[in-house]
Amino acid sequence: MGSLARFGVSMEQELLNRFDSAISRKGYTNRSEAVRDLMRLFLIEEEWQGHQGQIVGTLTILYDHHSSRVNQALLELQHTHHETIASSLHIHLNEHLCMEVIVLRGPAAKVRQVANAVISLNAVRLGRLVIAVASDPN
Ligand code: NI
């Protein structure tokens with residue numbers, strides 16, 4: 001680890017109180033570690049936006065399987081992009097709701113394109129892509 005730097009941050013007391021409660025629930029014992037983790041997440045997200053190389057990621061979606069043709073549309077998308085989709089996991093949450101976790105890998109632009117195509121399906125209520133750069137850190 002390099003040398004440690006300290007910095008001050010100004011914010012509304014209420015925001016800080018909510019943050020402290022949230023990180024406490026997550027098990028953080030000090031604010032610095034929580035802020036470091038947030039900054040790392042922010043940097044990963046920011047780096048991959050312009051990344052030209054290979055990335056891996058998981059796309060988690062929620063959808064109502066009664067919505068018209070959603071299963072067919074999802075199946076067709078996943079077959080069309082079989083070279084980008086490594087695997088998928090389907091969980092029937094209740095009578096209506098399904099959760100699917102799709103593992104993607106490939107060029108960053110392609111992964112983003114496939115994830116957006118899935119998320120933009122009408123029946124998909126929630127879509128969240130979590131990515132990592134699939135190369136050694138430099
Ligand atoms: Ni299901």
Side-chain angles (χ1 to χ4, degrees):
M1 184 163 59
S3 62
L4 280 176
R6 287 176 171 272
F7 65 99
V9 179
S10 304
M11 69 183 69
E12 294 86 4
Q13 186 65 50
E14 195 220 334
L15 179 61
L16 186 59
N17 292 345
R18 287 172 55 204
F19 183 72
D20 283 343
S21 298
I23 66 176
S24 167
R25 286 194 297 275
K26 284 183 178 290
Y28 285 102
T29 54
N30 72 73
R31 196 183 283 152
S32 290
E33 186 51 33
V35 170
R36 282 193 290 270
D37 279 355
L38 280 176
M39 290 176 78
R40 289 185 194 106
L41 270 178
F42 178 87
L43 289 171
I44 287 172
E45 291 278 325
E46 197 271 338
E47 278 166 17
W48 90 276
Q49 293 293 338
H51 190 72
Q52 301 298 316
Q54 301 285 307
I55 62 172
V56 293
T58 56
L59 173 62
T60 301
I61 57 170
L62 286 180
Y63 65 93
D64 183 338
H65 75 97
H66 291 118
S67 296
S68 76
R69 291 185 37 80
V70 64
N71 285 318
Q72 185 64 24
L74 268 174
L75 201 63
E76 278 179 22
L77 265 176
Q78 296 195 41
H79 277 277
T80 300
H81 300 289
H82 64 273
E83 77 287 355
T84 308
I85 293 173
S87 182
S88 69
L89 170 72
H90 186 105
I91 299 113
H92 311 297
L93 294 177
N94 59 31
E95 287 82 358
H96 307 284
L97 210 54
C98 300
M99 182 171 93
E100 205 151 302
V101 180
I102 301 167
V103 180
L104 304 117
R105 67 185 307 172
K110 181 71 182 172
V111 168
R112 192 163 41 227
Q113 178 210 329
V114 173
N116 286 338
V118 173
I119 291 169
S120 63
L121 290 173
N122 273 343
V124 173
R125 291 187 196 174
L126 172 88
R128 178 92 202 243
L129 177 65
V130 175
I131 61 89
V133 173
S135 57
D136 294 331
N138 45 23

If you look at every heavy atom in S88 and Q78, which pair is closest and at what distance? OG-OE1, 3.5 Å
Is it true that, when you exclude Q72 itself, more than 12 heavy atoms of the residues, nucleotides or ligands shown sit nearer than 6.0 Å to its CD? yes
Could you tell me if the side chain of L126 sits less than 4.5 Å from the side chain of I61, heavy atoms only? no
Close side-chain approach of L104 to L129, heavy-atom, < 4.5 Å: yes
Heavy atoms, side chains only, cut-off 4.5 Å: are L43 and L41 in contact? no
Separation between CD1 (I23) and CG (N30), nearest 0.5 Å, reads 7.5 Å
How would you list, by chain and number, every residue that makes a salt bridge (charged side-chain N to carboxylate O under 4.0 Å, His left out) with D20, sequence neighbours excluded? R31
Kindly work out whether a path of hydrophobic side-chain contacts (I/L/V/M/F/W/Y, heavy atoms less than 4.5 Å apart) joins L93 to L89. yes
With heavy-atom distances below 4.5 Å as the criterion, would you say the side chains of V70 and D64 are in contact? no
Please report the shortest heavy-atom distance between A73 and L121, naming the atom on each side. CB-CD2, 4.0 Å
Any chain of hydrophobic side-chain contacts (each under 4.5 Å) joining V103 to V114? no
Go through the steps for Y28 and V35 under the test side-chain contact (heavy atoms from CB on, under 4.5 Å), then give the verdict. CA-CA 10 Å; Y28 285 102; V35 170; over 6 Å; no
Transitive ILVMFWY side-chain link F7 to M11, under 4.5 Å: yes
With R18 via salt bridge (charged side-chain N to carboxylate O under 4.0 Å, His left out) - residues at least two apart: none
Flag side-chain contact, heavy atom, 4.5 Å: R105 against T84: no
For the CZ atom of R112 and the CD1 atom of I131, what is their distance to the nearest 0.5 Å? 9.5 Å
If you count every heavy atom of other residues, nucleotides or ligands that lies below 6.0 Å from R69 atom CZ, does the total exceed 12? no
May I have all residue pairs that pass salt bridge (charged side-chain N to carboxylate O under 4.0 Å, His left out) and include part of residues 70-84, sequence neighbours excluded? E83-K110
L59 pairs by side-chain contact (heavy atoms from CB on, under 4.5 Å) with which of I119, N116, V101? I119
About how many Å separate OG of S32 and CZ of R6, when rounded to the nearest 0.5 Å? 7.0 Å
May I ask whether V9 and L15 are part of the same hydrophobic cluster, defined by side-chain heavy atoms of I, L, V, M, F, W, Y residues being less than 4.5 angstrom apart, directly or through others? yes
Should L62 and I91 be counted in the same cluster of Ile, Leu, Val, Met, Phe, Trp and Tyr side chains packed under 4.5 Å apart? yes
If the test is side-chain contact (heavy atoms from CB on, under 4.5 Å), which one of R125, M99, H96, E100 qualifies with Y63? E100
In this structure, NE2 of H65 is separated from CG of L74 (nearest 0.5 Å) by 12.5 Å
